[in-house]
Amino acid sequence: MAAERGARRLFSTSSLWLYCLLLLFGRPAPGAAAARSGSPPQSAGASIRTFTPFYFLVEPVDTLSVRGSSVILNCSAYSEPSPKIEWKKDGTFLNLVSDDRRQLLPDGSLFISNVVHSKHNKPDEGYYQCVATVDSLGTIVSRTAKLTVAGLPRFTSQPEPSSVYAGNSAILNCEVNADLVPFVRWEQNRQPLLLDDRVIKLPGGTLVISNVTEGDGGLYRCIIESGGPPKYSDEAELKVLPDPEETLNLVFLKQPSSLVRVIGQSTVLPCVASGLPAPAMRWMKNEETLDTEGSERLVLLAGGSLEISDITEDDAGTYFCIADNGNETIEAQAELTVQAQPEFLKQPANIYAHESMDIVFECEVTGKPTPTVKWVKNGDMVIPSDYFKIVKEHNLQVLGLVKSDEGFYQCIAENDVGNAQAGAQLIILEHDVAIPTLPPTSLTSATTDHLAPATTGPLPSAPRDVVASLVSTRFIKLTWRTPASDPHGDNLTYSVFYTKEGIARERVENTSRPGEMQVTIQNLMPATVYVFRVVAQNKHGFGESSAPLRVETQPEVQLPGPAPNIRAYATSPTSITVTWETPLSGNGEIQNYKLYYMEKGTDKEQDVDISSHSYTLNGLKKYTEYSFRVVAYNKHGPGVSTQDVAVRTLSDVPSAAPQNLSLEVRNSKSIMIHWQPPSPATQNGQITGYKIRYRKASRKSDVTETLVTGTQLSQLIEGLDRGTEYNFRVAALTVNGTGPATDWLSTETFESDLDETRVPEVPSSLHVRPLVTSIVVSWTPPENQNIVVRGYAIGYGIGSPHAQTIKVDYKQRYYTIENLDPSSHYVITLKAFNNVGEGIPLYESAVTRPHTVPDPTPMMPPVGVQASILSHDTIRITWADNSLPKHQKITDSRYYTVRWKTNIPANTKYKNANATTLSYLVTGLKPNTLYEFSVMVTKGRRSSTWSMTAHGTTFELVPTSPPKDVTVVSKEGKPRTIIVNWQPPSEANGKITGYIIYYSTDVNAEIHDWVIEPVVGNRLTHQIQELTLDTPYYFKIQARNSKGMGPMSEAVQFRTPKASGSSGKGSRLPDLGSDYKPPMSGSNSPHGSPTSPLDSNMLLVIIVSVGVITIVVVVIIAVFCTRRTTSHQKKKRAACKSVNGSHKYKGNSKDVKPPDLWIHHERLELKPIDKSPDPNPIMTDTPIPRNSQDITPVDNSMDSNIHQRRNSYRGHESEDSMSTLAGRRGMRPKMMMPFDSQPPQQSIRNTPSTDTMPASSSQTCCTDHQDPEGATSSSYLASSQEEDSGQSLPTAHVRPSHPLKSFAVPAIPPPGPPTYDPALPSTPLLSQQALNHHIHSVKTASIGTLGRSRPPMPVVVPSAPEVQETTRMLEDSESSYEPDELTKEMAHLEGLMKDLNAITTA
């Protein structure tokens, strides 16, 4: 808003009751304010002002002019006191004081004398706007009117020779410039052609002759008579052929085209057909025959065209032109669309308000097409911001009023047909002045509290202890205590004033009831500092304010990603449909979307709220390009914007009539018509011609139509009657059809012709205005208007006017003499002439101005440009300006332009933004992208070159799209092994550091039930072994970078083959290393050895023997352990009981080992299994995070000391649970998931508590023997204690019937060293290890390399005991069993043997 039109106050005494309120409840106003408002200082109270009537009586309209003529743009406004009228041209105020051609008339109208217009100098043509201002009140603006100056004509098409049979219709075309169509007339055999009911000229200039006779044959030409010498077209011969006495097929010579008209206008639907016999023409509308004879509004013109006058909304529809000659019938159709100008259903209402309030100006409009609405305050456009918002499509909401918001607000509705405006006044009262009664919709809910009149008495002190009791990202809850002056405070109400730090505009939120001492401020911005203060109010008024409280809202990161697959396509000339899909990274439920759109070539972006995935925008400009983008909103706010998509609306017929229609009577029998094309915004395509219709004012049915093609803007109508009034109207045409016509314009031909028997008299005036190399000459015609003037002759030269002579048209009133010498004395003469000769000259002299100084030198570019990265989409640019003083303070009107781009892709265009300070915050950038920035400075007409470039790379962001092109294939020759391939995410937003593969046999299972496989970030393929045959598997992949995990891909299904090609065929095992031992929970796929002499029967005997021997050994060990009750063991057992019984893992709890939930099936081994001497070098090293934070790697190199190899329950596993991978390649156990080393008191997410077994380290608290080699094995270490224990990894449920989790008889190891296939990285999730003394159950999946910290995956086994049994189970795990527990162990072993027998039998 303009600073000089800030808050203005108006003193008024028009209301008696307001004056009474002033005396009773007002308080003194400062004298300075009273002086500014135009009222004397008030000693008894403050002034309550009334609303002042302020509106336009007359507004300017579009006008067509010619060079040298005078133009008046009317404007008049009403107000008390009288307003000051100013004029804008093309948005800039005109300085009328020093302008010798433009002057302001007393009523406010603008008078332009001697319109100037040339090819390179068009100072008068443009858009004009009237601005009315009342000091201390406000400003209003009128509609914008276009002044167009007509150009010179030329032919674009000319008549062509043709032949026609007698009795048929003929058409002759003549296309000229659109503004010359009214000046076109026709001649037959060099004689003027008289138009009648049989011979008509269509509005575009086309000549139609119906019922042709022999007399119609001859040579035809069209003539342009626009003031200068006539311009003739080529002659074309029309031959009239005799009736051949045979039938000819019907053809259309002219068909109707679709039109758009406004209510109240008239139109012509052209239709001309030819054939033998000659056809009869009739019209139908929507399958109903039209009665043209009994209707005053429907007229059938020559040749069959239909004229519709005074169009109503009911005239819209499809029209059919039918030609019928008895032998044949043909038809053509056209659509007539009827539009309506904008009208107000609800106009803005005047509003009283106090500072810090929120208000809403309501504005409801209708029209066809749907009007667009914009708001203007005191003559300046209202730009939407945090405090000025467009709500409910058309209403204006102003938040946190300040004094400068006072003034006049105008709602301007505009569509293709026209525009309308309505205004309202806003008056901001002092806080102690009550607000008079207002419509309930003018104030928002936050400020509609009743304001009682203040009375004299003590005011409350400041509220105490104002604190922010709850701070979120979007709201803050404030609480406080009563003021010291009123400890009870039951009758006090409170107002909370708040604003952004550094913003002067303050908003207010009131408590809902007396005595309430808390309030919640909503709709705040994340990571923003706000300043709050609280004021108490009693019946006497507002008290003291509390000290300012500075609070910063929480930052917000859980925002939606960009909506994918955004598409936009035009559905009509005024509508575009935009579609999109749900964002892949929603981060919560999407509440709504905001669609932003902007017209190409403008910088004003508009938006609309949408709840679905598509939206159709109506009321757009026709044949105009728009850009669109979509932002998704969730409960946290707006997400990432999509890329812009651009589309252009379809072309259509013109939506407005030609402008500035004018009539010029040439003589007693001819009238010249002039017009200008419709405004560019309403042409809707290329104008191809114009239609002119005219008739006598006394005979409405006598209508003649002429068609002018091309860009002709004038037409001469001849053959008229003397002293007769005629009506004219013009319509524009495009390839889509004919647009709306102008209103009827009337003029009367002369009773007699002007005199051309003598030369013209001397021109009445001559004015010259010298410039540097040119002189502008303007004049007025002779006073005697009865003598014909054909033109003017201008002579000029240095010292003599006879050096050169120029002749101009009789309509011209000015001319610019070019290419003159500076500082030279010229003499100019002006003479009027006609066909008789030249009249008396008029002389004038002028001295051209001296040569001007050259253009100013350019400014120095900014220096020290720096780019500071703030986030993944924001970079702050700072710089210095050497042309400023040392303190770098800007005191003039200079501004800076910042431009930036990225080189990927290479053809990226620069984006620009302007700044008035030495820094700029660039937002909306892409994550992890390198940008280059440069700055230039502009001051007035001077500007600098671009500065040196600065570069900055935005921070990374979590991937916003999943890995793509996921495929699963079976490995050749190994049906139980599959290979997963994929491509990186398209939106990685940083370097991919790893992938996680999820797979399951149940696509509908919870994600924590899926098996996971981590992969390093530089690999795009992975091998998974030992799957169940003939089973469908589903695979998903998730990518991660340094910022966290991205979304999962869609599930991909793959079914393993039915039979194994290597089963029972003596195929060799893969090379698993010399230390390979078969897993006890491994695959049920038998693997033979090529060197083994054993047959299948011997293999079964060995398996059964191994089982029996293992059971006996286990029983003996169990009995032996139950008898070991040394005092040291008892102490440890007591410690375990105390720790687990209280569910608090402290002190030595890191030594506690969990119970064996694997039914001790590892004890079926015939001999201990040695560990692999080194970890597999091909293993992937991608950690499985528990949250988006990186996990700190832990060094696994530990010595043999027992304390160094033990890990606490709070985050580490013991080295005894570490398992190697070198001996496990190619053999995948069916029990895929390890146990998590979480303390018992931590609940596992998404898992019922009754099924939860809190797993611990695989080392019991009472074990005496430790494996010194465990320090060198590779394992996963749980996340550190500092990590959030609530964020656990997905939990895998193990069910006996699941194909991934069945038990099987282990295979016998081959005697020789087997081979190993290292084609692809393979990650078995469960491995075993050999212990020197005691075989512990394996709880962790060793899926990482040495030195990498991995949190193990928790597994919930259906047979796990409840949490209450944890203490007893930990006690049992120390190798000392009570009798009851031993019995249960034996029962478990018996169940396992039954399973083994069943498998062996099968």
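For this chain, numbers begin at 1 and follow the sequence in order.
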Practice item. Evaluate side chain to side chain donor-acceptor pair (under 3.5 Å) for N736 paired with S651, printing each intermediate quantity in order. Key: CA-CA 7 Å; N736 300 84; S651 62; 3.3 Å; yes

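- In this model, a donor atom of one side chain and an acceptor atom of the other lie less than 3.5 Å apart for T318 and E335.
- Contact of the L147 side chain with the E125 side chain is not registered, since no non-hydrogen atoms from C-beta on lie closer than 4.5 Å.
- Separation of atoms CD (E331) and SG (C321) is listed at 9.0 Å; rounding is to 0.5 Å.
- In this structure, OG1 in T757 is found 12.0 Å from CG in N835, a value given to the nearest 0.5 Å.
- Of all the heavy atoms in S169 and V272, the pair that sits closest is CB-CG1, 3.7 Å.
- D416 and T682 form no side-chain donor-acceptor contact under 3.5 Å, judged by distance and modelled atom types alone.
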Review point. L276 and N325: side chain to side chain contact (heavy atoms under 4.5 Å, CB included), yes or no, with the steps?
Key: CA-CA 7 Å; L276 288 177; N325 64 357; 5.9 Å; no

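- Taking the side chain as every heavy atom from C-beta outward, K146 and P680 approach each other to under 4.5 Å.
- For P159 against C222, the heavy-atom pair with the smallest separation is CD-SG, 4.3 Å.
- Of the inter-residue distances, the one linking Q158 atom CD with D234 atom CG reads 4.0 Å to the nearest 0.5 angstrom.
- A ring pair (Phe, Tyr, Trp, His ring centres under 6.0 Å) check over residues 300-326, counting only residues at least two apart or in different chains, returns nothing.
- Looking only at atom types and distance, the side chain of T312 has no donor-acceptor partner in the side chain of D314 under 3.5 Å away.
- Looking at K622 and D652, a side-chain N of the basic residue comes within less than 4.0 Å of a carboxylate O on the acidic one, giving a salt bridge.
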**Study point:** Worked verdict on V338 versus I263 for side chain to side chain contact (heavy atoms under 4.5 Å, CB included)
**Key:** CA-CA 6 Å; V338 178; I263 294 176; 3.5 Å; yes

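- Within the 3.5 Å criterion, the main-chain N or O of L219 finds a donor-acceptor partner in the side chain of N189.
- Checking T247 against N327 by side-chain atom types alone, no donor-acceptor pair falls below 3.5 Å.
- Checking T624, T571, T574 one by one against T649, the side-chain contact (heavy atoms from CB on, under 4.5 Å) holds for a single residue, T624.
- A pairwise comparison of heavy atoms in P782 and A832 identifies CG-CB, 4.4 Å as the closest pair.
- Other residues, nucleotides and ligands contribute only 12 or fewer heavy atoms inside 6.0 Å of the CD atom of Q686.
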Review point. After noting the C-alpha distance and the side-chain angles of L194 and V199, does the key distance pass the side chain to side chain contact (heavy atoms under 4.5 Å, CB included) rule?
Key: CA-CA 8 Å; L194 298 179; V199 181; over 6 Å; no

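- Residues L253 and V208 have side chains not in contact (no heavy-atom distance under 4.5 Å, counting atoms from C-beta outward).
- Relative to the six-membered ring of Y623, R648 meets both conditions, a distance below 6.0 Å and an angle of at most 45° to the axis.
- Between N834 and V789, the closest side-chain pair of non-hydrogen atoms is not below 4.5 Å.
- Considering all non-hydrogen atoms of both residues, P342 and N415 come closest at CD-OD1, 3.3 Å.
- Residues S274 and F252 have side chains not in contact (no heavy-atom distance under 4.5 Å, counting atoms from C-beta outward).
- Remark: K285 NZ is packed, more than 12 non-hydrogen atoms of other residues, nucleotides or ligands lying under 6.0 Å away.
- A donor-acceptor contact shorter than 3.5 Å links the side chain of Y726 to the backbone of D721.
- If you take CG on L663 and CD1 on I673, they are separated by 6.0 Å, rounding to the nearest 0.5 Å.
- Side-chain atoms of N168 and N211, non-hydrogen and from C-beta on, never get closer than 4.5 Å to each other.
- Under a 4.0 Å N-O distance rule, the pair R198/D216 qualifies as a salt bridge.
- Rounded to the nearest 0.5 angstrom, K621 NZ and N684 CG are separated by 11.0 Å.
- Aromatic ring pairs are classed by plane angle as parallel below 30°, tilted from 30° to 60° and perpendicular above 60°; the pair W186 and Y220 is perpendicular.
- Here the side chain of Q659 pairs a donor or acceptor atom with the backbone of P677 at under 3.5 angstrom.
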**Study point:** Steps toward salt bridge (Lys or Arg N to Asp or Glu O under 4.0 Å) verdict (R190, E235)
**Key:** CA-CA 9 Å; R190 303 293 178 95; E235 285 189 323; 2.5 Å; yes

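- Between Y694 and N727 the shortest side-chain heavy-atom distance does not fall below 4.5 Å.
- S118 and N121 are not linked by any side-chain donor-acceptor pair at a separation below 3.5 angstrom, with hydrogens and angles left out of the test.
- Looking only at side-chain heavy atoms (C-beta outward), L195 and I200 stay at 4.5 Å or farther from each other.
- Listed here is the closest heavy atom pair of D62 and A145: OD1-CA, 3.3 Å.
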**Study point:** Verdict with supporting geometry, E187 and I223, side chain to side chain contact (heavy atoms under 4.5 Å, CB included)
**Key:** CA-CA 8 Å; E187 284 186 354; I223 307 159; 2.8 Å; yes

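- Other residues, nucleotides and ligands contribute more than 12 heavy atoms inside 6.0 Å of the CD atom of Q785.
- The SG atom of C174 lies 11.5 Å from the CZ atom of R221; values are rounded to the nearest 0.5 Å.
- Nearest heavy atom pair, residue Q188 against residue G215, reads NE2-O, 3.1 Å.
- We find that R297 and D315 are joined by a salt bridge, their nearest charged nitrogen and carboxylate oxygen being less than 4.0 Å apart.
- Among T292, V299, V268, the single residue meeting the side-chain contact (heavy atoms from CB on, under 4.5 Å) criterion with L306 is T292.
- S157 and N173 are not linked by any side-chain donor-acceptor pair at a separation below 3.5 angstrom, with hydrogens and angles left out of the test.
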